[in-house]
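Inspection log for the structure reproduced underneath, given as structure tokens.
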Amino acid sequence: MSLAFQIVKFRIDTTSSTQSYKDSMSFKFDRPIRWEEGTTRPTVDTAIRGFELQFVINGNPYEYVLGAEHVQLDVETSQGHSSGEVNLDVNLRPMAPQAAPAISFKGYVEALVIADLID
């Protein structure tokens, strides 16, 4: 058993606060990812390492009272593979009554991929 780590960084383009930003990025380790015996689950997961999200209006940063924030990561891989994808889903919405399509957000999310590799 040997643990391996990799950082995947998503740059979030300006996105309307009425929508979610979704993206996928690939990762690759130097050896195959181990699968738990007797299961269909790989021994790989992801965690948020860091993030910065900010509201923007007309391209300029702007301060709003936060209404909702959603940052979700998940990881996909296939058995016997040393690679996979991290999927990101982000939304940042100001508190009503400010919520409007003209209010956007941008920023970044760093994901830490953690895997148990086959020796």
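What you are looking at is a predicted structure, and each value in this text was computed from that prediction instead of being measured.
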Within this structure, what is the [atom1]-[atom2] distance for the pair [X] and [Y], rounded to the nearest 0.5 Å?
| X | Y | atom1 | atom2 | value |
| --- | --- | --- | --- | --- |
| Ser20 | Leu92 | OG | CG | 10.5 Å |
| Gln19 | Arg93 | CD | CZ | 14.0 Å |
| Ile7 | Phe27 | CD1 | CZ | 14.0 Å |
| Asp13 | Lys106 | CG | NZ | 10.0 Å |
| Phe51 | Leu88 | CZ | CG | 11.5 Å |
| Gln54 | Thr14 | CD | OG1 | 9.0 Å |

If two hydrophobic side chains count as joined below 4.5 Å and joins carry through other members, does [X] share a cluster with [Y]?
| X | Y | answer |
| --- | --- | --- |
| Ile12 | Ile103 | yes |
| Val109 | Ile114 | no |
| Leu112 | Phe10 | no |
| Ile118 | Val75 | no |
| Tyr108 | Phe105 | no |

Looking at [Y], is its backbone amide N or carbonyl O close enough to the side chain of [X] to form a donor-acceptor pair, meaning the two atoms are under 3.5 Å apart?
| X | Y | result |
| --- | --- | --- |
| Gln6 | Lys28 | yes |
| Thr43 | Asp116 | yes |
| Ser17 | Ser104 | no |

On a heavy-atom basis, which atom in [X] and which in [Y] lie closest, and how many Å separate them?
| X | Y | value |
| --- | --- | --- |
| Val44 | Ala115 | CG2-CB, 3.8 Å |
| Met25 | Lys9 | SD-O, 3.1 Å |
| Gly80 | Pro32 | O-CB, 3.9 Å |
| Thr77 | Ser83 | OG1-O, 2.5 Å |
| Ala111 | Thr46 | CB-OG1, 3.6 Å |
| Ser2 | Asp119 | OG-OD1, 3.1 Å |

For Phe5 and Arg49, what are the C-alpha separation, side-chain angles and deciding distance, and is it a side chain to side chain contact (heavy atoms under 4.5 Å, CB included)? CA-CA 11 Å; Phe5 303 90; Arg49 182 174 183 264; over 6 Å; no

Picking from Asp89, Asn91, Leu53, what satisfies side-chain contact (heavy atoms from CB on, under 4.5 Å) with Val71?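 Between Val71 and the candidates, side-chain contact (heavy atoms from CB on, under 4.5 Å) is satisfied uniquely by Leu53.
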
Worked verdict on Ile57 versus Phe55 for side chain to side chain contact (heavy atoms under 4.5 Å, CB included): CA-CA 7 Å; Ile57 192 160; Phe55 289 116; over 6 Å; no

Taking atom [atom1] as the centre, does [X] end up with more than 12 heavy-atom neighbours from other residues, nucleotides or ligands that are less than 6.0 angstrom away?
| X | atom1 | value |
| --- | --- | --- |
| Lys22 | NZ | no |
| Glu63 | CD | no |
| Asn58 | CG | no |

